[in-house]
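The structure under discussion appears below in the form of structure tokens.
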Amino acid sequence: KQEVTQIPAALSVPEGENLVLNCSFTDSAIYNLQWFRQDPGKGLTSLLLIQSSQREQTSGRLNASLDKSSGRSTLYIAASQPGDSATYLCAPYSGGGADGLTFGKGTHLIIQP
Amino acid sequence: SAVISQKPSRDICQRGTSLTIQCQVDSQVTMMFWYRQQPGQSLTLIATANQGSEATYESGFVIDKFPISRPNLTFSTLTVSNMSPEDSSIYLCSVGDRVGRETQYFGPGTRLLVL
């Protein structure tokens, strides 16, 4: 059974800093991995999808990397802004009968103005 | 990307009652899923809603407690039956096509409080 760990659990930094959020997973036989953000009281917004054959994906100030063999992914946020404050969730997709995603507990990020 | 709506957005219910949550998508999708997010926890998959057949439930979730319908490719319902305070959670609908190849999208969620 896939297990996902995200470190740190919480992070509070002043705006402008570059950040790295970490995700590790136990089953490296994944098809892809998604990073989401969740704002308080809201649903999930997909940020990046990395296929298992890819090493990284970029969208604006966000860059996600994937090291499938070691079971790790990182989300890099450049020049952080207060609007980046949210919980960031990592979800590798391992396949299986129900085809759903396995989520970590997330990193709660606060960017101080 | 798919636009997903859920009804109700939130509700407060008495124990022993049931609540049906609706999920509507603006386009036809292959896969629809229901997740639960308990307070302070991450998301857990409840089941995959299958069009035209019974839902596929994850370990720990049963049809009697969480009956699911999916009458077509754009709509699904999740019922939380005989509720107890432990059912207080956010319930999220998600959709995807050819999951494992493409992005999975989530609805805004339904916040349920059971007293």
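Throughout, a chain's letter reflects where its sequence line sits, starting with A, and its residues are numbered from 1.
- Of the two parts of A/Lys42, only the backbone, made up of N, CA, C and O, holds a non-hydrogen atom closer than 4.5 Å to a non-hydrogen atom of chain B.
- Taking the side chain as every heavy atom from C-beta outward, B/Arg70 and B/Asn50 never approach each other to under 4.5 Å.
- At a 4.5 Å heavy-atom cutoff, the contact between B/Leu92 and chain A is made by side-chain atoms alone.
- For the residue pair B/Ser84 and B/Glu86, a side-chain donor N or O sits within less than 3.5 Å of a side-chain acceptor on the partner.
- Of the possible polar contacts, none joining the A/Glu3 side chain to the A/Phe25 backbone as a donor-acceptor pair under 3.5 Å is found.
- No donor-acceptor distance shorter than 3.5 angstrom exists from the side chain of A/Arg37 to the backbone of A/Ala86, with no hydrogens or angles considered.
- Interface remark: of the candidates A/Ile30, A/Leu44, A/Val4, A/Leu44 forms the most heavy-atom pairs closer than 4.5 Å to chain B.
- Only the side chain of B/Gln37 comes within less than 4.5 Å of a heavy atom of chain A; its backbone N, CA, C and O stay farther away.
- Heavy atoms closer than 4.5 Å to chain B are found nowhere in A/Gln6, neither backbone nor side chain.
- Under the 3.5 Å distance criterion, with hydrogens and angles disregarded, no donor-acceptor pair is assigned to the side chains of A/Ser28 and A/Ser69.
- For residues 107-115 of chain B, heavy-atom neighbours of chain A at less than 4.5 Å comprise B/Gly107, B/Pro108, B/Arg111, sorted by residue number.
- In this structure A/Phe103 satisfies the ring pair (Phe, Tyr, Trp, His ring centres under 6.0 Å) test together with A/Phe36, B/Tyr35, B/Phe106, sequence neighbours excluded.
- The line from CD of A/Glu17 to CD1 of A/Ile111 is 8.0 Å long, rounded to the nearest 0.5 Å.
- Under the 3.5 Å distance criterion, with hydrogens and angles disregarded, no donor-acceptor pair is assigned to the side chains of A/Gln34 and B/Thr103.
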